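The structure presented is a predicted model; accordingly, all values stated were derived computationally and were not measured. Below, all heavy atoms of this structure are taken into account, side chains as well, without hydrogens, waters or symmetry copies.
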Amino acid sequence: VGGSARGLTPVRCRTGRVSRRYTHRMKRRASVSWRRPAGRTRVAAQHRILLAALTLAVLSSSVATAAGPQPGSYDEAVTTFLTMTEGPDAARLIATKLDELATEVRDSGRPLREWFFESARFRGMQLPPNEERVSIFRVLDRRRGPCLELASLYLGLAERLDVQATPVATPRHVFVREAVDGEAVRNVELLEGGRERPDRSYLAQEKAPPDDPRAASLLRPLDPPRFLASLVNNYAVRVRAAGHLPQAESLYQRAIALDPDCQPCLYNYANLLADTGKSRQALDLYDRALALHPWDRDAIRNRSRLGSTRD
């Protein structure tokens with residue numbers, strides 16, 4: 001089965017959808033790691049050990065496979081995620097930095113969207129295939145990052161500045177929908193310098209028939225718990241790529257508990273189950289994913305390869 005991991009991959013933002021060919025490339029790289037310079041191999045090993053330790057810390061908590069406390073704001077969702085993955089000190093540092101940036105926005109007198117992309121010059125980036133994760137600290141430092149990390153920063157600032165902004169997810173991407181003058185809304189494309197894009201352009205990327213009434217459901221506004229689910233799903237993709245399958249499975253379960261209709265979460269978890277021989281459970285999850293996105297060619301292909309196989 002094509003073990004394609006999908007975080008949120010849009011136009012150019014690969015947030016957790018990785019093809020099976022990518023998985024094989026990762027395995028090949030691991031098999032010839034002795035050819036790399038010793039320093040690079042040592043750093044890669046240390047990174048994987050750290051990733052495993054952080055994930056095990058998540059699993060030891062009581063909220064590893066349950067929804068747990070529901071974040072009441074997007075800032076709380078990001079704080080919860082950072083506490084899980086990088087520790088409470090890191091979460092506090094990011095909160096402090098966002099407070100400082102919010103003060104800069106106020107002092108500039110510019111709208112958030114203009115300040116974020118023109119003054120601060122935040123830019124989108126495609127995550128390299130061999131990159132397991134981009135830290136939000138790195139995004140703040142380099143002012144470049146994937147869509148979910150940029151959304152985390154943008155939403156944190158919006159809440160501090162009383163700007164009405166909501167993340168919207170497609171099965172492959174996240175953008176922000178922002179209120180204008182309290183009534184009208186505009187889509188803020190995080191990977192294109194804040195350019196406004198119509199809904200139909202996102203639906204076209206999903207190959208959804210424009211006249212099908214079900215297509216509109218592919219654009220899902222995310223409340224804070226569902227946004228946290230997207231963050232956890234992306235992290236699970238990185239954990240799986242590092243070879244920690246039990247930990248990745250628990251993280252997928254946590255994401256689905258937070259958002260049972262998270263199509264990428266269902267699809268990714270189905271791939272993991274299929275690749276570990278749990279065909280019956282994988283088929284059930286593929287069916288759930290396809291009920292939410294009937295035009296998902298990857299899910300259709302992977303499910304058809306399993307056929308009617310049962311454990």
Derivation and outcome, side chain to side chain contact (heavy atoms under 4.5 Å, CB included), residues Glu100 and Thr96
CA-CA 6 Å; Glu100 294 172 357; Thr96 300; 3.9 Å; yes

Decide yes or no on salt bridge (Lys or Arg N to Asp or Glu O under 4.0 Å) for Lys207 and Asp296, but give the supporting numbers first.
CA-CA 8 Å; Lys207 312 300 183 185; Asp296 187 340; over 6 Å; no

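- Between the side chains of Glu159 and Tyr74, no donor-acceptor pair of N or O atoms lies under 3.5 Å.
- For the residue pair Ala229 and Ala255, the shortest heavy atom distance occurs at CB-O, 3.4 Å.
- With salt bridges taken as basic N to acidic carboxylate O contacts below 4.0 Å, one links Lys278 and Glu249.
- The pair Asp275-Arg240 counts as a salt bridge, with a side-chain nitrogen and a carboxylate oxygen less than 4.0 angstrom apart.
- The closest side-chain donor-acceptor pair between Gln281 and Tyr286, if any, does not fall under 3.5 angstrom.
- Ala208 and Leu218 make their closest contact through CB-CD1, 3.9 Å (heavy atoms, listed as atom of the first residue, atom of the second, distance).
- For Pro225 against Leu258, the heavy-atom pair with the smallest separation is O-CB, 3.8 Å.
- For the pair Pro71 and Phe81, the minimum side-chain heavy-atom distance is 4.5 Å or more.
- Nearest approach of Leu150 to Phe116, heavy atoms of both residues: O-CZ, 4.0 Å.
- Residues Val237 and Tyr252 have side chains in contact (heavy-atom distance under 4.5 Å, counting atoms from C-beta outward).
- Cluster membership for Trp295 and Ile300, using ILVMFWY side-chain heavy atoms within less than 4.5 angstrom, is not shared.
- Met84 has its side chain within reach of Arg254: a pair of non-hydrogen atoms, C-beta onward, lies under 4.5 Å apart.
- When each of Asp199, Val176, Leu219, Asn187 is checked for a side chain to side chain contact (heavy atoms under 4.5 Å, CB included) with Val168, only Leu219 meets the rule.
- Side-chain atoms of Val78 and Leu82, non-hydrogen and from C-beta on, do get closer than 4.5 Å to each other.
- Atom CZ of Arg113 and atom CG of Leu157 lie 15.5 Å apart (nearest 0.5 Å).
- Annotation: the span from Leu285 atom CG to Arg303 atom CZ amounts to 11.0 Å, rounded to 0.5 Å.
- Pairs of residues two or more places apart, or lying in two chains, never qualify as salt bridge (Lys or Arg N to Asp or Glu O under 4.0 Å) while including a residue from residues 260-271.
- Between the CG atom of Asn234 and the CG atom of Leu148 there is a distance of 5.0 Å, given to the nearest 0.5 Å.
- Note on Ile256: it does not cluster hydrophobically with Leu290, by side-chain heavy-atom contacts below 4.5 Å among ILVMFWY residues.
- Looking at Arg123, its side chain never comes within 3.5 Å of a backbone N or O of Gly145 through a donor-acceptor pair.
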Verdict with reasoning, Arg121 to Arg143, per side chain to side chain contact (heavy atoms under 4.5 Å, CB included)
CA-CA 7 Å; Arg121 299 185 65 81; Arg143 302 294 170 101; 5.5 Å; no

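- Counting heavy atoms from C-beta on, the side chains of Ile94 and Leu140 come closer than 4.5 Å.
- Ion pairing between a basic and an acidic side chain is recognised when a charged N comes within 4.0 Å of a carboxylate O; Glu196 and Arg186 show no such pairing.
- Between Trp115 and Leu101 the shortest side-chain heavy-atom distance falls below 4.5 Å.
- Looking at Arg160 and Asp75, a side-chain N of the basic residue comes within less than 4.0 Å of a carboxylate O on the acidic one, giving a salt bridge.
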Asn302 and Tyr267: side chain to side chain contact (heavy atoms under 4.5 Å, CB included), yes or no, with the steps?
CA-CA 10 Å; Asn302 290 355; Tyr267 170 82; 3.4 Å; yes

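- Arg106 CZ: more than 12 foreign heavy atoms inside a 6.0 Å radius.
- For the pair Ser152 and Leu231, the minimum side-chain heavy-atom distance is below 4.5 Å.
- Under the side chain to side chain contact (heavy atoms under 4.5 Å, CB included) criterion, Pro88 pairs with Thr83, Arg92, not counting sequence neighbours.
- At a cut-off of 3.5 Å, with distance as the only test, no side-chain donor of His173 or Gln205 sits close to an acceptor on the other residue.
- Judged as a disulfide (SG to SG under 2.5 Å), the pairs with a partner in residues 198-263 (not counting sequence neighbours) are, in order, Cys262-Cys265.
- Two residues are said to be in side-chain contact when any heavy atoms from C-beta on lie closer than 4.5 Å; Val139 and Arg144 fail this criterion.
- Under a 4.0 Å N-O distance rule, the pair Glu118/Arg110 qualifies as a salt bridge.
- Leu93 and Leu155 fall within the same hydrophobic cluster, defined by Ile, Leu, Val, Met, Phe, Trp and Tyr side-chain heavy atoms under 4.5 Å apart, directly or through other members.
- Pairing each heavy atom of Ala77 with each of Pro224, the nearest pair is CB-O, 3.6 Å.
- The CD atom of Glu189 sits 8.0 Å away from the SG atom of Cys147 when rounded to the nearest 0.5 Å.
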One pair to check against side chain to side chain contact (heavy atoms under 4.5 Å, CB included): Gln164 and Glu178. What are the steps and the verdict?
CA-CA 6 Å; Gln164 297 180 33; Glu178 184 178 85; over 6 Å; no

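- Atoms CG and CG, from Leu283 and Leu273 in turn, are 10.0 Å apart once rounded to the nearest 0.5 Å.
- Heavy-atom minimum distance, Gly124 versus Leu191: CA-CD2, 3.6 Å.
- Of the charged side-chain nitrogens involved, at least one lies within less than 4.0 Å of a carboxylate oxygen, so that Arg197 and Glu192 count as a salt-bridged pair.
- If you take CG on Leu153 and CD1 on Ile136, they are separated by 4.0 Å, rounding to the nearest 0.5 Å.
- Put simply, the side chain of Glu76 gets close to the backbone of Gly72: a donor and an acceptor are under 3.5 Å apart.
- For Phe122 and Phe117, the ring centers are positioned 6.0 Å apart or more.
- Contact check on Asp141 versus Arg138 returns no salt bridge, with no Lys/Arg side-chain nitrogen under 4.0 Å from an Asp/Glu carboxylate oxygen.
- We find that Asp284 and Arg288 are not joined by a salt bridge, their nearest charged nitrogen and carboxylate oxygen being 4.0 Å or further apart.
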